[in-house]
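Side chains included, hydrogens not; waters and symmetry mates left out as well; all remaining heavy atoms used. Quick caveat, the model's predicted, so the values are computed rather than measured.
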Amino acid sequence: MNIRKGNPEDMKGVLALIQELANFEKEPDAVVITAEDLIRDGFGTHPIFQVFVAEVDSAIVGIALYYYRYSTWKGRTIHLEDLVVKENMRGTGLGYALYSEVIKQGKKDKVRRIEWAVLDWNTTAIEFYKNSGAKVFDEWKIAQMDEESINYFVENKLK
């Protein structure tokens, strides 16, 4: 197993794992980005995300995709958007290795917090995170607007 920073050539493999995660989270039709979007957004003039990839026999079998945020309480933080390991590679330590790379990156960058979301029914992941020393909050709720909601708000609520 080899863990390294991702490059543009890896984005087809990264996208395949993003789709695998969407399938696992029961949202198979939710992924609308393309490998070209990932290349543009992660490797352009102002990259908006970073990614570690895990390779086995030259195949991408895991990813940890993250980006930097700013907390008004803590300053610079990291948001771990996705930690995905190919189903047949789970339980091999690969997820822990990717997770560790993100945490080491946060330490190197002197961030004061690393955060992510986990579905309440993903008890395996919740236990993994708790066992690593992470706090999993019950009282916080995630709020978001999808593209349809954004359009509705702009077209109907700003008049």
E147 and N151: side chain donor to acceptor below 3.5 Å
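Not at all, the side chains of E147 and N151 share no donor-acceptor pair under 3.5 Å.
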S71-R112 side chain donor-acceptor pair, cut-off 3.5 Å:
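Distance-only check fails for S71 and R112.
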Do V61 and E55 pass the side-chain contact (heavy atoms from CB on, under 4.5 Å) test, and can you show the C-alpha distance, the side-chain angles, and the key distance before you say yes or no?
CA-CA 6 Å; V61 295; E55 285 181 307; over 6 Å; no
How close do [X] and [Y] get, counting heavy atoms only, and between which atoms?
X    : Y    : result
A117 : I142 : CB-CD1, 3.3 Å
V102 : A64  : CG2-CB, 3.6 Å
I60  : R4   : CD1-NH2, 4.0 Å
G42  : P47  : O-CB, 3.3 Å
L98  : V84  : CD1-O, 4.2 Å
I3   : E101 : CG2-CG, 3.4 Å

In one Ile/Leu/Val/Met/Phe/Trp/Tyr side-chain cluster, 4.5 Å: [X], [Y]:
X    : Y    : result
F128 : F52  : yes
V14  : F49  : yes
V31  : V53  : yes
L80  : L119 : no

Just wondering, are more than 12 heavy atoms of other shown residues or ligands nearer than 6.0 Å to [atom1] in [X]?
X    : atom1 : answer
N156 : CG    : yes
K5   : NZ    : yes
L158 : CG    : yes

How long is the gap from [atom1] on [X] to [atom2] on [Y], to the nearest 0.5 Å?
X    : Y    : atom1 : atom2 : answer
D10  : I63  : CG    : CD1   : 10.5 Å
L21  : E87  : CG    : CD    : 12.0 Å
D82  : E20  : CG    : CD    : 12.0 Å
I114 : K74  : CD1   : NZ    : 13.5 Å
S132 : I103 : OG    : CD1   : 5.5 Å
I18  : M11  : CD1   : CE    : 8.0 Å

Less than 4.5 Å apart, side chain to side chain, heavy atoms only: is that true for L38 and L15?
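They are in contact (side-chain heavy atoms under 4.5 Å apart), so the answer is yes.
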Looking at side-chain heavy atoms only, is the closest gap between Q50 and L65 below 4.5 Å?
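When only atoms from C-beta onward are counted, L65 and Q50 do not touch, as no gap falls below 4.5 Å.
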Is the ring pair Y68/Y66 parallel, tilted or perpendicular, if the boundaries are 30 and 60 degrees?
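Correct class here is perpendicular.
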Describe, in one word, how the ring planes of W116 and Y129 are oriented to each other, choosing from parallel (under 30°), tilted (30 to 60°) and perpendicular (over 60°).
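Judged by the thresholds at 30° and 60°, the geometry between W116 and Y129 is tilted.
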Name the residue from E25, E27, K26, Q19 that meets the side-chain hydrogen bond (donor to acceptor under 3.5 Å, both in side chains) definition with N23.
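The side-chain hydrogen bond (donor to acceptor under 3.5 Å, both in side chains) with N23 is passed solely by Q19 among E25, E27, K26, Q19.
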Presence of salt bridge, K104 and D109, under 4.0 angstrom
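The answer is no: the pair does not qualify as a salt bridge.
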Would a distance-only check, ignoring hydrogens and angles, find a side-chain to backbone donor-acceptor pair under 3.5 Å from N7 to E9?
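Answer holds: yes.
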Tell me whether D37 contacts the main-chain N or O of I33 through its side chain, where contact means a donor paired with an acceptor under 3.5 Å.
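Answer holds: no.
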ring-ring contact (aromatic ring centres under 6.0 Å, His included) partners of W121, counting only residues at least two apart
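Listed in chain order: F24.
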My understanding is that only residues two or more places apart in sequence, or in another chain, count here; which of them pass salt bridge (Lys or Arg N to Asp or Glu O under 4.0 Å) with E81?
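Listed in chain order: nothing, the list is empty.
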Please identify each residue that fulfils side-chain hydrogen bond (donor to acceptor under 3.5 Å, both in side chains) with R69, with sequence neighbours left out.
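R69 satisfies side-chain hydrogen bond (donor to acceptor under 3.5 Å, both in side chains) with H79, E115 once adjacent residues are dropped.
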Name the one of I126, T123, L83 that satisfies side-chain contact (heavy atoms from CB on, under 4.5 Å) with V118?
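Only one option passes, and that is I126.
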